[in-house]
Amino acid sequence: MFRRSEPVPFAFVAEADRFRSNVTPPPRERLGMAQIAARSLVGLTVVAGLVGSLLFGMPALQPHQAPAKSQQSDASEGR
């Protein structure tokens with residue numbers, strides 16, 4: 001009878017270690033020029049969007065300088 005060295009909840013998990021396939025997968029298809037161009041365009045669009053958001057967002061991240069005049073109303077200056 002078949003004895004396992006350690007308990008396994010499913011038999012197919014234990015047998016999967018011993019199984020080796022002799023079938024090789026088919027070779028990958030070569031990409032056409034249109035697919036390469038489309039992937040490059042998508043990549044450039046993503047990179048340009050990230051760079052643009054960084055450039056437009058940098059001024060908002062800079063610390064603001066305090067105004068030269070304190071912000072008080074004109075009515076409080078006469079006191």
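Being a predicted model, the structure only gives us computed values, none of them experimental.
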Per-pair distances, 0.1 Å, donor-acceptor, side chain in residues 36-48, under 3.5 Å, sequence neighbours excluded:
from, atom 1, to, atom 2, distance (Å)
S40, OG, I36, O, 2.9
T45, OG1, L41, O, 2.7

Residues 23-31 side chain polar contacts: donor-acceptor under 3.5 Å, at least two apart:
none

What donor-acceptor contacts under 3.5 angstrom involve side-chain atoms of residues 50-59, with partners at least two apart or in another chain?
from, atom 1, to, atom 2, distance (Å)
S53, OG, G49, O, 3.2
S53, OG, L50, O, 2.9

